[in-house]
2 protein chains.
Amino acid sequence: MSDAVLWSALADPHRRAIVALLRDRPRSVGEIVESCGLSQPSTSKHLKVLREAGLVRVSQDAQRRVYALDPAPIAALDAWLEPYRRLWNRSLDALGRRLDEAPDDPPHPPPQKD
Amino acid sequence: MSDAVLWSALADPHRRAIVALLRDRPRSVGEIVESCGLSQPSTSKHLKVLREAGLVRVSQDAQRRVYALDPAPIAALDAWLEPYRRLWNRSLDALGRRLDEAPDDPPHPPPQKD
DNA sequence: GACGTGTATTCCTTGACGGGCATATAACTG
DNA sequence: CAGTTATATGCCCGTCAAGGAATACACGTC
């Protein structure tokens, strides 16, 4: 379960969509097929990649296979991010945080060019 | 600067290595070439991808180009992780409870239907 | 302007990936 | 056992990304 497998699994947008879909609740392959708009074989192949990356677990319910998200590998991503968090905290500090939280602040947008 | 560009930029192990290298301090292309063990053209191509993903900024020092990490896009990854953090906190919480105070099988299976 | 250094770009080849189609496999139904 | 549903796999093909070699470009020096 190297990082490489995890990254390459999540590199694909369809697979990220599937992972996001499973965030809510486990789903059968059929449900996933409908949601992601791919053919069933393609979806199954993506699910295989996610399975081998450890991102999803599968349980059998009659003929159905119900896929559930296993968030543990994503925690590895979080760990990867860890050394960078310091950096962007520092950056925000250096830049000044007057423009980092003004999504809708028309009255006074100070032109902080630099 | 879509998520797709960011993900595909970071999907490559060499590029992640470069990004990690730049975490310490900015580096010239020559330094990066030596560190990542690729040829100079390949390294430049990877740097181009990182540049177009907004992950690095480049400044010129005579003939040298000095690349510096811009951690802001990585914050987008952090934002992507956000909805998952709850999940693994919940998992760890449940696991911790079981390991901590579950010698047998406490009747504590609350359905996560929220 | 000629040369050397440092970096970017182009061309080409190769290998991996994704998609669809057809088909195999497994499980329930009657 | 035949038929149906639900999913996985194999095959083929188009596309794309990565790597190397050669080359072009930019900058500084003499």
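Just so it is clear, the model here is predicted, and its values are computed rather than measured. Each chain gets a letter, A, B and so on, in the order the sequences are listed, and its residues count up from 1.
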Side chains of A:Leu87 and B:Arg23 in contact at under 4.5 Å (non-hydrogen atoms): yes
Close residues, residues 60-67 of chain B, relative to DNA chain D [heavy-atom separation under 4.0 Å]: B:Gln60, B:Ala62, B:Gln63
What are the bounds, 5' to 3', of the part of DNA chain C that sits under 4.0 Å from heavy atoms of chain A? C:dG18 to C:dC28
Pairing residues for B:Ser39 by the side chain to side chain donor-acceptor pair (under 3.5 Å) criterion, not counting sequence neighbours: B:Ser42
What pairs with B:Thr43 under side chain to side chain donor-acceptor pair (under 3.5 Å), at least two apart in sequence or on another chain? none
Set of side chain to side chain donor-acceptor pair (under 3.5 Å) partners for B:Gln60, sequence neighbours left out: none
Nucleotide by nucleotide, 5' to 3', does protein get under 4.0 Å of the base (B), only the sugar-phosphate (S), or neither (-) in nucleotides 12-22 of chain D, counting heavy atoms? ------SBBBB
N/O donor-acceptor pair under 3.5 Å between B:Glu31 side chain and B:Ser28 backbone: yes
Could you check B:Leu77 against A:Trp80 for side-chain contact (heavy atoms from CB on, under 4.5 Å), going step by step and ending with a plain yes or no? CA-CA 11 Å; B:Leu77 262 192; A:Trp80 183 89; 4.3 Å; yes
Quick test of your reading: applying side-chain hydrogen bond (donor to acceptor under 3.5 Å, both in side chains), list the pairs with at least one residue in residues 10-22 of chain A, sequence neighbours left out, ordered by first then second residue. A:Arg15-A:His46
List in chain and number order the residues that pass side chain to side chain contact (heavy atoms under 4.5 Å, CB included) with B:Ala68, two or more places apart in sequence or in another chain; answer none if no residue qualifies. B:Pro26, B:Arg57
Base, sugar-phosphate, or nothing for A:Thr43, non-hydrogen atoms under 4.0 angstrom? nothing
Results of salt bridge (charged side-chain N to carboxylate O under 4.0 Å, His left out) for A:Glu34 - residues two or more places apart only: none
Restricting to pairs with a member in residues 69-82 of chain A, which pass salt bridge (charged side-chain N to carboxylate O under 4.0 Å, His left out), not counting sequence neighbours? A:Asp78-A:Arg85, A:Asp78-B:Arg85, A:Glu82-A:Arg85
Going by the rule side chain to side chain donor-acceptor pair (under 3.5 Å), which residues pair with B:Arg65 if we only count those two or more places apart in sequence or in a different chain? none
Dot-bracket notation for DNA chain C, counting Watson-Crick and G-U pairs under 3.5 Å, with | for partners on another strand: ||||||||||||||||||||||||||||||
Indicate yes or no: at least one non-hydrogen side-chain atom of B:Val58 is less than 4.5 angstrom from one of B:Val66. no
